[in-house]
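Contents: one structure, followed by commentary.
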Amino acid sequence: MHIPVCENIHKIKKELPSGVTLVAVSKTKPRELIMALYNDGHRVFGENKVQELVEKYEALPKDIEWHMIGHLQRNKVKFLAPFVSLIHGVDSLKLLRTINAEGARIQRVIPCLLQVHIAAEETKFGLTANQLEELLRGGEFPLFNNIEVKGLMGMASYTDDDQQVRDEFRGLRQLFERVKQQFFSDDTGFDTLSMGMSGDFRLAVEEGSTMVRVGSAIFGERTYPA
Ligand SMILES: *Cc1c(COP(=O)(O)O)cnc(C)c1O
């Protein structure tokens, strides 16, 4: 059978170095397409809406690793806390508190990435480098026993200017190395740098990404309901 999503993902996987994890971003896409990739051996999927994530988790095989890649509201943490494999977009102390409390309640250590704002656009979420370092230096951070901070996540500017995108990724990589050395030196678990999407994952990998989040290059363009 001719299944384009499988062909697409094979091509992308061939381009990725072996240490780079591919998160197939399946937001808005039907379960059948996820199952086509699942049956082809793929297990890591990303969604950006809690309700859609929970519905797909409930309907699909339990060995899928679900990543929450979108902005997460605190009142929704409880819905995904029991099963989420990685939360990419953590960008406030308040959200960390909520995730930690929920992890404590269900006795789970929840893997998270801290999101850093690297794009020129104002609208994107994320911490500045200063806010990140302030948060990590703060007295409360070491008390989050039910969170494992695995690394950083960022989104580059939406632009045709490859050099700008490259510079943004490079800056995030440097911040990652600095923060790792300064705050996680004894901790081999701080190893994930999530950067790169369909339009820029090649640049991101060249700049040291260890995890790319690719949607439309696998599934085709998204059409949102009106
Ligand atoms: C939608 C989304 C992606 C994937 O975008 P594509 O351009 O379709 O690959 C990656 N990261 C985040 C945070 C997203 O919301």
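Starting from 1, each residue takes its place in the sequence as its number. Just so we're clear, the structure is a prediction, and the values are computed from it rather than from any experiment. Whatever order the structure lists ligands and atoms in, that order sets their numbers, starting from 1.
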Considering the heavy atoms of V214, write down every atom of ligand 1 situated less than 4.0 Å from one of them.
-> 9 (O)
Please write down residue, atom name and distance for the protein heavy atom closest to atom 11 (N) of ligand 1.
-> R213 NE, 2.9 Å
Short side-chain donor-acceptor distance under 3.5 Å, H71 and N48 = no
Which one of E47, K27, M197, R222 has a non-hydrogen atom at the shortest distance from atom 8 (O) of ligand 1?
-> R222
Quick one: is the NZ or CZ of K27 closer than 6.0 Å to the six-membered ring centre of F45, and within 45° of its axis?
-> no
What's the shortest distance from atom 6 (P) of ligand 1 to any protein heavy atom, and which residue and atom give it?
-> S198 OG, 3.4 Å
Carboxylate-amine/guanidinium proximity below 4.0 Å for E15 and K11 = no
Without swapping roles, check the side chain of N100 against the backbone of L96 for a donor-acceptor pair under 3.5 Å.
-> no
Got a sec, which residues hit side-chain contact (heavy atoms from CB on, under 4.5 Å) with E134, two or more places apart in sequence or on another chain?
-> none
Would you please determine whether H88 falls within less than 4.0 Å of ligand 1 on a heavy-atom basis?
-> no
R97 NZ/CZ over F144 ring centroid, <6.0 Å and within 45° of normal | no
Compute the shortest N/O to N/O distance between S216 and ligand 1 and return yes if it is under 3.5 Å, no if not.
-> yes
Please write down residue, atom name and distance for the protein heavy atom closest to atom 12 (C) of ligand 1.
-> I69 CD1, 3.5 Å
What about G199: any of its N or O atoms under 3.5 Å from an N or O on ligand 1?
-> no
